[in-house]
Number of protein chains: 2
Amino acid sequence: MTIIKRLPGLPIERALGVISGRWKAVIIHVLLRGPKRTCELEQQIPSLTQKVLIQQLRALEEHGLVYRKVSADDTRCVDYGLTPLGLSLEPLIVQLQKWGEHHAEALGDTERLLPCEAVVRPVPKTAKK
Amino acid sequence: MTIIKRLPGLPIERALGVISGRWKAVIIHVLLRGPKRTCELEQQIPSLTQKVLIQQLRALEEHGLVYRKVSADDTRCVDYGLTPLGLSLEPLIVQLQKWGEHHAEALGDTERLLPCEAVVRPVPKTAKK
DNA sequence: CCGCATCCAGTGCGATACTG
DNA sequence: CAGTATCGCACTGGATGCGG
C-alpha cells in the first residue's frame, strides 16, 4: 500500500495527483464544513466503503491536507480535519465546482447534475455506456 | 474503448473527471499556447506515446474541450486546439499550478519541482518509494 | 468505533507493431 | 503523419471478514 507520494514535478500534475482519487474531492468538500469523525464521514458519503474511506484519508494525510486526531476522552473515536494546507484548497474546490457546472451547462447535460450537497451518491457502479 | 462520458453528477467530480488523466492537464497546458498538430504535440511531450496521446485527445474531444480539424491542404495533417469550453479552463489550470507550487513549498519539496515549461518529463516510470 | 488484511475485477496506460 | 490493434502490467478501489 503506502500511497507513497512520488508526486510529479509539474505543479499542475502535482496538484491533480493530490486531489484526484475516486473520493478525495468529496471528502475534502465535506471536511471544509468542519472536522468530522470517521463514522460521520461514513454516514455522509454512503456509497463509500470504510476501507476506501480510510485509504483516501491516509493519502490526504500523507500529502499534508488532512490531520488525524484521536479523541482525548474516548480512545475509540478519531477526528479528521483539514490542515491549513488543506484549507488552502478551498478556492480551488470552489472553482472546480463552478467549472463543473459550467461544463454541464455547455453540454446541455444539466439534468444529471446533483446539488453539491447531495454527497449521497446512489452508486452508479456498473453504470456504463 | 470509447471513453464514454458517464460523468459524475457532482460538479467537482465532473470537473476532475474531465481533466484528470495521466496527460490531459499537460496537453491542455500546451494547447493553451495555441493549436498544434499531432506531431508537434508528440515532440513537445516526449515521454508520451502516440497511442496514449490520441487516446487522451479523444477523451478531451468527447468532453468538448478540444476540437480536431483535418488540414485543408494536406489531408494527412491534423490540428488540435481548444474549444471555447477548453479555453474556459485556463484560470483553473493556472490556479492548479499555483496551488501545486504552494503545496510543494509547504512540504519543503521544491527541489523536485519542474518549471511548468519543462513539459519534458524524463519518465519517472517505476519510480516508487 | 476504527482500522487492517485479503481477494479480486476493472481499467488506465505503456510498449510495440501494423495500416492508410 | 495520423490512427488502430494487441498485449501486458500495475494500480485503484470495491466487497468482506477479522481484531483491537
Side-chain angles (χ1 to χ4, degrees), chain A residues 1-6 8 13 16-27 36-43 45-62 66 68-80 121-129, chain B residues 1-6 8 13 16-27 35-62 66 68-80 121-129:
Chain A
M1 245 304 116
T2 51
I3 315 95
I4 309 97
K5 62 177 157 191
R6 271 287 121 188
E13 298 203 82
L16 282 175
V18 169
I19 56 177
S20 65
R22 186 66 186 79
W23 297 100
K24 294 201 193 124
V26 179
I27 293 176
K36 298 268 181 298
R37 46 193 49 180
T38 319
C39 58
E40 288 180 296
L41 286 171
E42 273 186 89
Q43 287 159 18
I45 319 179
S47 40
L48 168 54
T49 318
Q50 197 186 46
K51 180 207 143 187
V52 178
L53 171 62
I54 308 270
Q55 210 170 268
Q56 306 273 306
L57 283 169
R58 287 286 176 281
L60 291 171
E61 196 185 350
E62 187 173 355
V66 159
R68 179 179 178 279
K69 196 184 57 170
V70 179
S71 171
D73 33 284
D74 190 343
T75 326
R76 293 180 317 175
C77 287
V78 180
D79 276 308
Y80 286 98
R121 290 238 279 135
V123 170
K125 216 163 191 177
T126 326
K128 290 202 89 175
K129 186 65 176 188
Chain B
M1 249 293 118
T2 53
I3 316 95
I4 308 99
K5 62 176 160 194
R6 272 286 121 189
E13 299 204 80
L16 282 174
V18 168
I19 56 177
S20 65
R22 185 67 188 77
W23 297 100
K24 294 201 193 125
V26 179
I27 294 175
K36 297 268 180 298
R37 47 193 49 180
T38 319
C39 58
E40 288 182 294
L41 286 172
E42 272 185 88
Q43 287 159 18
Q44 302 213 15
I45 319 179
S47 40
L48 168 55
T49 317
Q50 197 186 45
K51 180 206 142 189
V52 178
L53 171 62
I54 308 272
Q55 210 169 269
Q56 306 273 308
L57 283 170
R58 288 283 177 282
L60 291 171
E61 196 185 350
E62 186 172 355
V66 160
R68 178 180 178 281
K69 195 185 57 172
V70 179
S71 170
D73 34 284
D74 190 343
T75 326
R76 293 181 318 175
C77 286
V78 180
D79 276 308
Y80 286 98
R121 288 239 280 136
V123 169
K125 215 162 191 177
T126 325
K128 288 205 86 175
K129 188 68 173 185

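A, B, ... follow the sequence lines: proteins, then strands. Residue 1 opens every chain. Just so you know, these numbers use all the heavy atoms, side chains as well, and skip hydrogens, waters and symmetry mates.
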* **Shortest non-hydrogen separation from B:K24 to B:I19 and the atoms involved** => CB-O, 3.5 Å

* **Side-chain N or O of A:R68 closer than 4.0 Å to phosphate OP1/OP2 of C:dG3** => yes

* Whole-Å gap separating P (C:dG3) and NZ (A:K69) -> 14 Å

* Structure fact -> Out of D:dA2, D:dT4, D:dG13, minimum distance to the side chain of B:K51 belongs to D:dT4

* Structure fact -> Testing C:dG3, D:dG14, C:dG14 for proximity to the side chain of B:T49, the answer is C:dG14

* **Integer-rounded Å distance: C:dC1 P and A:R76 CZ** => 8 Å

* To do: Evaluate the side-chain proximity of B:R37 to B:D79: yes if any heavy-atom separation is below 4.5 Å, no if none is.
  => yes

* Asked: Within a strict 4.5 Å, meaning less than it, do heavy atoms of the A:E61 and A:L57 side chains meet?
  -> no

* With a 4.0 Å cut-off on heavy atoms, is A:Q50 in touch with a base, just the backbone sugar-phosphate, or nothing at all? -> base

* Asked: Can you check the A:K36 NZ to C:dC2 C1' distance for me, whole Å?
  -> 18 Å

* Listed nucleotide nearest any side-chain atom of B:R22, set C:dC2, C:dC13, D:dG3 -> C:dC13

* Rounded distance in Å - CD (B:Q55) to P (C:dA15) -> 13 Å

* **Side chain of B:W23 (C-beta onward), nearest among D:dA2, D:dG13, C:dG14** => C:dG14

* Side chain of B:T38 - closest among D:dG3, C:dC1, D:dG14 -> D:dG3

* More 5' along DNA chain D: B:R37 or A:V52, using each one's nearest nucleotide? -> B:R37

* Stepwise side-chain contact (heavy atoms from CB on, under 4.5 Å) test for A:L41 and A:L48 -> CA-CA 9 Å; A:L41 286 171; A:L48 168 54; over 6 Å; no

* Decide yes or no for B:W23 and B:L53: does some side-chain heavy atom of the first lie under 4.5 Å from some side-chain heavy atom of the second? => no

* Would one find a side-chain N or O of B:Y80 under 4.0 angstrom from OP1 or OP2 of D:dG3? -> yes

* **Protein-nucleotide distance (A:D73, atom CG; C:dC1, atom P), rounded to Å** => 15 Å

* Asked: Taking atom P of C:dG3 as reference, at what distance in whole Å does atom CG of A:L57 sit?
  -> 8 Å

* Structure fact -> Ranking D:dG14, D:dG13, D:dT4 by distance to the side chain of B:I54, first place goes to D:dT4

* Please state how far atom CG in A:D79 lies from atom P in C:dG3, giving the value in whole angstrom units. => 10 Å

* To do: Could you check which of D:dT4, C:dC4, D:dG13 has an atom nearest any side-chain atom of A:R58?
  => C:dC4

* How many Å lie between CG on B:D74 and P on D:dG3, as a whole number? -> 13 Å

